[in-house]
Q: 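Okay, handing you the structure first.
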Number of protein chains: 2
Amino acid sequence: MSQDWEWDQDRTIWEQMYEVLRSRIEQGIYPSRSAVPSLDRLQQEFGVARVTVQKVMRILKDEGMIKTIVGKGTFVRPPEEWGQSSDR
Amino acid sequence: MSQDWEWDQDRTIWEQMYEVLRSRIEQGIYPSRSAVPSLDRLQQEFGVARVTVQKVMRILKDEGMIKTIVGKGTFVRPPEEWGQSSDR
DNA sequence: TAAGATTTGTTCGTATGTATA
DNA sequence: ATATACATACGAACAAATCTT
């Protein structure tokens, strides 16, 4: 993927990263029902800390855009289900 | 737990929080050898910053009332061991 | 059955920057 | 200038679930 992001020093990293991931989901770069890259991969791609990735994931989960299964991965929920909080 | 604390604006937060946690340990609300709530939980319960919780924990550790194991949690030491500084 | 790799969850330690009294 | 207190962000270690070998 060509670099679709760049940090703005005037804003927080987690906020900007949230916008990038949300955009990728909305545009289908991460297709519905498929797995988004693992914490390790995202951490490496963006050059951020693990906890920062988790903070962003936490928000996307609360918005019902993704769903996590421990030991398997994190998956994109279909658009119809967005907004329906997925518990965890 | 019913609210057993309330901030007094004339005194520091960390000092008052120290008294609450010490009281909970002495009264067995946090039983001997059990884990005290995590930094995140205490941070949320008291509505304070992470570093503030850590400052209080630091004192309780120096007094030998609790003991921390990184990656696992913080545990109440039995009363016989209080006063014996537990390194960390 | 057992062992290892992968992945997410949870926890503590540390550092930086900012604001206030 | 010092102490208090917040948010952000890095790292590290331990745990649990899943899958593969």
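Numbered from 1 within each chain, the chains take letters A, B, ... in sequence-line order.
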Q: Is any NZ, NE, NH1 or NH2 atom of the basic residue among E19(B) and R24(B) found under 4.0 Å from an Asp or Glu carboxylate oxygen of the other?
A: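 R24(B) and E19(B): not salt-bridged.
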Q: Please state how far atom CG in L39(A) lies from atom P in dT10(C), giving the value in whole angstrom units.
A: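 Atom CG in L39(A) sits about 12 Å away from atom P in dT10(C).
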Q: Mind calculating the distance between CD (Q43(A)) and C1' (dA12(D)) to the nearest angstrom?
A: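 Rounding to the nearest Å, CD of Q43(A) and C1' of dA12(D) are 11 Å apart.
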Q: Ignoring the backbone of T52(B), work out which of dC6(D), dG9(C), dC19(D) is nearest its side chain.
A: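 Side chain of T52(B) sits closest to dC6(D).
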Q: dT8(C) phosphate, OP1 or OP2: any side-chain N/O from T74(A) under 4.0 angstrom?
A: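 Result: yes.
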Q: Quick check on DNA chain C: between Q54(A) and G73(A), whose nearest nucleotide comes earlier from the 5' end?
A: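 Result of the comparison: G73(A).
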Q: Send over the distance from K72(B) NZ to dT10(C) P, rounded to a whole Å.
A: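 So the two atoms are 17 Å apart, to the nearest Å.
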Q: Describe the nucleic acid contact of V48(A) in one word from base, sugar-phosphate, nothing, applying a heavy-atom distance below 4.0 Å.
A: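 Contact class for V48(A): sugar-phosphate only.
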Q: Could you pick out which residue, R11(A) or V70(A), lies toward the 5' side of DNA chain D when each is mapped onto its nearest nucleotide?
A: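 The 5'-side residue here is R11(A).
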Q: Is the closest basic N to carboxylate O distance between E15(B) and R22(B) below 4.0 Å?
A: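 No, E15(B) and R22(B) are not salt-bridged.
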Q: Under 3.5 Å, is there any donor-acceptor pair linking the side chain of R50(A) to the base of dG9(C)?
A: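 Donor-acceptor pair under 3.5 Å: yes.
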Q: Using the side-chain heavy atoms of T12(B), tell me which of these nucleotides is nearest: dC6(D), dT4(D), dG13(C).
A: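 My answer, after comparing the listed nucleotides, is dT4(D).
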Q: Side chain of S38(A), heavy atoms from C-beta onward: which of dG11(D), dG13(C), dT8(C) has the nearest atom to it?
A: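 That would be dT8(C).
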Q: What is the separation between atom CD on Q44(B) and atom P on dT10(C), rounded to the nearest whole Å?
A: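 Whole-Å distance recorded here is 11 Å.
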Q: For T12(B), is there any backbone N or O sitting under 3.5 Å from a side-chain donor or acceptor partner on Q16(B)?
A: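 Yes: the side chain of Q16(B) pairs with the backbone of T12(B).
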Q: Starting from C1' on dT2(D), measure out to NZ on K55(B) and report it in whole angstrom.
A: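 One finds 11 Å between C1' of dT2(D) and NZ of K55(B), rounded.
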Q: If you check the W14(B) side chain, which of dC6(D), dA17(D), dA5(D) turns out closest?
A: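 Closest nucleotide to the W14(B) side chain: dA5(D).
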Q: For V51(A) and for V51(B), locate the closest nucleotide of DNA chain D by heavy-atom distance; then report the residue assigned to the nucleotide nearer the 5' terminus.
A: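 So the residue in question is V51(B).
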Q: Between dT6(C) atom P and L42(A) atom CG, what is the distance in whole Å?
A: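 Going from L42(A) (CG) to dT6(C) (P), I get 16 Å.
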Q: Measure the distance from CZ on R58(B) to P on dC12(C) and round it to the nearest whole Å.
A: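 Nearest whole value for this atom pair: 14 Å.
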Q: Could you give the NZ-to-C1' distance, from K67(A) to dT7(C), as a whole number of Å?
A: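 After rounding, the gap between these two atoms is 15 Å.
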